[in-house]
S.K.: 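This is the structure I want to talk about, given as structure tokens.
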Amino acid sequence: MRKSLLLFVFVSILVLVAGPYMPYWVLMIGVAVVSFFIEAGKMPTFISAGLSFGLTWLALTVYISIRTNSVLPKRMAELMGLDNDNLLFLGTGILGFLIGGFGGLVGTMVKKLLDRKY
Amino acid sequence: MRYLGFILVFLITMGLGISLSMQFGTIPPIGKLLDPNHGFWQNSYSEDMDFEDELDLNNLSKPVKVIYDENLIPHVFAENDKDLYKVQGFITAKHRLWQMEFQTMAAAGRISEIVGPIAIELDRMTRRKGLAFAAENSLQFIQKEHPDTYELLEAYADGVNQYIESLSAGELPIEYKILDYKPEMWSAYKSLLLLKYMADMLVGDRDLEYTNLRNQIGQEMLDKLYPDFPEENDPVIEAERIWDFVPLEIKKPVDKRYPDEDVFVNTLPQPVEGIGSNNWAVSGSKTKSGNPILANDPHLSLNLPSLWYVMQLSTPAQSVKGATLPGALGIISGFNENIAWGVTNATRDTRDWYAIQFKDERREEYLYDEVWVKSTFRVEEIKVKGQSSFLDTVVYTHHGPVVYDKNFRSDRKDVNFSLKWTAHLESNEQKTFLLLNKGKNHGDYIEALNHYTSPAQNFVFASKDGDIAMKVQGRFPLKWEGQGKFLMDGKNPDFEWQGFIPNEHNPSTLNPVRGFVSSANQHPVDPSYPYYTFDHSFEHYRNRRLNDRLKEMNQITSKDMMALQFDNFHLHASEALPVMLGLLDSTDLTQMDEFGTKYLNQLKKWNFNAFPNQEEPTLFQVWWENLYQGIWSKLKTDGIPIVLPNKYQTTKLLLNEPENEIFNNPETPERETARSLLRSSFYEMVEKIKEIEKAEKDYTWANYKKTSILHLVPNFRSFSHTNVYTGGGAGILNATSERHGASWRMIVEMGKGGSAFGIYPGGQSGNPGSKYYDNLIKKWANGEYVDVSIKSEENFSNPLFCTLFKN
């Protein structure tokens, strides 16, 4: 549990600090590296890294939206054939969850494979 | 087993990472797009939330200050021209990069690179018309003959490129993110392409359609239905003008024979009717303040991001302000402390077609003046997104590119039509605008116009000195009467243009007695003008309404001029409807139901205005369209393009000869007359309006015409504004129809402390996430303006923000 929490905090910091400077797939590798060292177990890593990544992305979109008060999410939702722009926020969060979750999962699995060898 | 699990998870993860960054068909790369740090979310910031107090810009000689007003209009204060245009390039790119690049891609026939095979046909057409060829010609000419212009074009390109290089992934305009491509470097060539894009937008011809018509109805009927001059000619240059020059001689070939076969090609799309513009200037003798007032409103396709971008460009030498075209240097329609100018399209047939006879299928030689002449080939490689390139070989004769042939828009092997067009000539239109920006008086204005070739424009002028002027400027071919109205014989030298009308002979006027100058795309001159000035699309209504109003107006203020730009009087209806109602009344109307009676009474009481809440304009429009189709659709045959008589001649025919045999359709057993067609079209109108009334409960003009301002990518509906509530229509001074209208309205009062007002349907920002993307639309639709008077760096009240550019 402690490790999951730690992972959550680290992934979140990673996304917030490194996010603006690198594309999401580099972050994915970053999450794998963090998970590699924290070793929280497969399921806990998937959930924790996923939730952290996803919630941070969701928080960012909400922050941008409140700060700018822009109609863009609405316009983009309509362009992508969605009835409700809330789905775009949700979609970004879910996407973040998948990116973070799988990134983390790969990290712990690599660690487990290496551990077994020694 | 563990390995298997790992490999599975690893593959899923890789797959996720990769697939989210790829484009599938028309679905954009979803991961890149939704990433809050780089995707579309980052385009939510309006410019005033995300600006720099200072920016580094290489190769500046002195610092340049840019101050934005509350509408995000930049005011650039530079020490010299090079710095000025460099910063213009940077700022324009900052707000309009995607648009300026997209428009030049369109002009170069490169849209397939962005959207895929769907645009191949469009790109082929653009390339066959030779727009890129034309821009290359102009570039070479400017490099060689006008190094001063070239230096400034390069400075502008440098500004644009420094912006592109500074762009972060998050700042990339949203259209690049959705369509998944990246901006390429800007160049002087691209600025020239943009000017060719304008030429293409504004110039058309109907030579092939006329060729078919002449074969179909004969020369005599053609002359009757399509006269060179209308009964009520109210030309750009006042009819009283005496031509004070000796015209060049034009040799008319004695027994010219036009090729007279029918032309079976799918002709090119033409500039839509309704593209046009108004401009005028009134002298101090007619204004309240005693200063001249100038007005301009170019009518173009209504698009977002808007075609225009407003700027003030200042150096210690002068301050100039007005509408720029993103991609071109300087101000296009605007004013400085000394002069103001504006443009309307001076339509004239400057595109001609020549039928070419090749020696054989290889098309390496063609017959001209009884000898075989070598042709040249230009292989156009059209890159296509997601596919291999499409290669199109275009054959060039000395006339120009062979647009229509067995490979393009024709099924027949022997079709080879070469296009000759003034836009292909070497020219430096950019210089005209650079000089106008610095102009101080009428002499400077005339000198600036001498560099202008295409697309021909009516340049209106007013100065602080009190002068008003108008000049029809372009490079116009010297033609014998009737030349180039039809497809010409490419092997006969008699059909060649015999040179060009000298600039000094182009129609112009300075301070005419009537106290105003004006243009609205009508005939340039009275028949006394010694050169042939044919075009298919001259305006017959806005010009007369405009001149009638200007004649009777006195003590004019800027407010009056605004009202005139927004004038909704439907002159065509006021002339046609009484005739239509008169003829209809004399027919048997016993079958009319209550709806028909209601509509008829509405029309009888109509004040001929086209305000958005009125219903009569809809009734008239639908009735007119049905009547027009009823009269002329019989001329149409599948596969043979023709052009139908305009509404002015149709109205004249109804008025003067309602019994003429032309109203009869020989293919029906009964004999049609104007009366019977009026009655049947009236009933058709009643049925249609009834349907609209039932379905939408509303047949007001605004709801019927549905004025829409669409994003340049038509699929991006949610970036567009549809059903804008506004009046006007085609042929009305407020020429706002469904997709076209005043793309920029400007009023300038000259004199000390002169003032200026402007508005356009859009906003300064090209970013659909910005509040400045469309903030001017509502004001535009209501006929309101924003103050665009020249501002000084020292007394700038309420700046939105400032940026200092330093080396």
Side-chain angles (χ1 to χ4, degrees), chain A residues 15-16 18-29 31-32 42 46 56-82 85 88-89 91-96 98-99 101-113 116, chain B residues 2-21 26-50 168-171 174-175 177-178 711 713 715-721 767-774:
Chain A
V15 174
L16 284 174
Y21 306 102
M22 38 199 68
Y24 70 91
W25 58 268
V26 176
L27 294 183
M28 222 167 164
I29 298 171
V31 173
K42 278 193 278 187
F46 183 72
T56 310
W57 266 22
L58 182 65
L60 277 172
T61 61
V62 172
Y63 166 77
I64 292 173
S65 173
I66 290 173
R67 216 187 128 204
T68 62
N69 197 21
S70 171
V71 289
L72 193 60
K74 242 192 162 71
R75 288 188 166 145
M76 282 305 290
E78 208 185 312
L79 193 75
M80 295 164 90
L82 305 172
D85 56 316
L88 259 188
F89 291 85
T92 305
I94 292 174
L95 202 68
L98 292 174
I99 290 170
F102 277 100
L105 195 54
V106 168
T108 48
M109 287 177 94
V110 170
K111 176 75 177 171
K112 288 221 155 82
L113 285 174
R116 240 168 38 117
Chain B
R2 279 179 180 247
Y3 281 107
L4 201 67
F6 169 73
I7 288 169
L8 189 69
V9 169
F10 187 73
L11 287 179
I12 292 177
T13 310
M14 287 286 286
L16 195 68
I18 293 170
S19 64
L20 291 177
S21 67
T26 55
I27 301 168
I30 216 79
K32 285 202 313 207
L33 198 60
L34 291 185
D35 177 351
N37 284 312
H38 304 106
F40 84 87
W41 299 101
Q42 287 293 324
N43 301 87
S44 301
Y45 293 94
S46 290
E47 287 71 7
D48 59 336
M49 302 187 71
D50 184 21
S168 70
E171 288 166 331
I174 194 163
E175 290 90 348
K177 296 180 183 175
I178 298 172
H711 189 273
V713 179
N715 298 355
F716 294 1
R717 290 301 280 201
S718 62
F719 293 176
S720 308
H721 278 253
N767 173 15
S770 163
K771 64 182 176 225
Y772 300 105
Y773 176 66
D774 49 11

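Below, chain A is the first sequence line, B the second, and so on; all start at residue 1.
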S.K.: Of the backbone (N, CA, C, O) and the side chain (C-beta and beyond), which part of L88(A) lies under 4.5 Å from a heavy atom of chain B, both, or neither?
M.R.: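 Both the backbone and the side chain of L88(A) come within 4.5 Å of chain B.
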
S.K.: Counting heavy-atom pairs under 4.5 Å with chain B, which one of V15(A), L105(A), L58(A) comes out on top?
M.R.: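 Sorted descending by pairs with chain B, the first entry is L105(A).
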
S.K.: Among the options L72(A), T56(A), L60(A), L98(A), pick out the one with the most heavy-atom pairs lying under 4.5 Å from chain B.
M.R.: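 Between L72(A), T56(A), L60(A), L98(A), the count favours L72(A).
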
S.K.: Identify which part of S46(B) has an atom lying under 4.5 Å from any heavy atom of chain A, answering side chain, backbone, both or neither.
M.R.: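 Interface part for S46(B): neither.
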
S.K.: Less than 4.5 Å apart, side chain to side chain, heavy atoms only: is that true for N767(B) and Y773(B)?
M.R.: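 N767(B) vs Y773(B): side chains apart.
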
S.K.: Between R75(A) and D85(A), is there a salt bridge with N-O shorter than 4.0 Å?
M.R.: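 Salt bridge: no.
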
S.K.: Side chain, backbone, both or neither: which part of L79(A) has an atom under 4.5 Å from a heavy atom of chain B?
M.R.: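 Contact with chain B: backbone and side chain both.
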
S.K.: Quick one: are I174(B) and Q42(B) in side-chain contact, heavy atoms under 4.5 Å?
M.R.: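 A side-chain contact is absent here, since even the closest heavy-atom pair is not under 4.5 Å.
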
S.K.: Which one, I30(B), D50(B), N715(B), leads in non-hydrogen pairs under 4.5 Å with chain A?
M.R.: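 Max contact count across the listed options: I30(B).
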
S.K.: Quick one: what part of D774(B) sits under 4.5 Å from any heavy atom of chain A, side chain, backbone, both or neither?
M.R.: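 Only the side chain of D774(B) comes within 4.5 Å of chain A.
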
S.K.: Return the set of residues passing ring pair (Phe, Tyr, Trp, His ring centres under 6.0 Å) with F89(A) (not counting sequence neighbours), or none when no residue passes.
M.R.: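 F89(A): ring pair (Phe, Tyr, Trp, His ring centres under 6.0 Å) contacts with W41(B).
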
S.K.: In a table with atom names and distances, give each donor-acceptor pair under 3.5 Å that connects a side chain of residues 22-29 of chain A to protein atoms at least two apart or in another chain.
M.R.:
{"residue": "Y24(A)", "atom": "OH", "partner": "G17(B)", "partner atom": "O", "Å": "2.8"}
{"residue": "Y24(A)", "atom": "OH", "partner": "S21(B)", "partner atom": "N", "Å": "3.1"}

S.K.: Taking every heavy-atom pair that is under 4.5 Å apart, which of G170(B), G39(B), P768(B) has the most such pairs with chain A?
M.R.: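 Of the candidates given, the most pairs with chain A belong to P768(B).
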
S.K.: With a 4.5 Å limit on heavy-atom distance, are the side chains of R67(A) and Y45(B) in contact?
M.R.: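 Answer yes - side chains close enough.
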
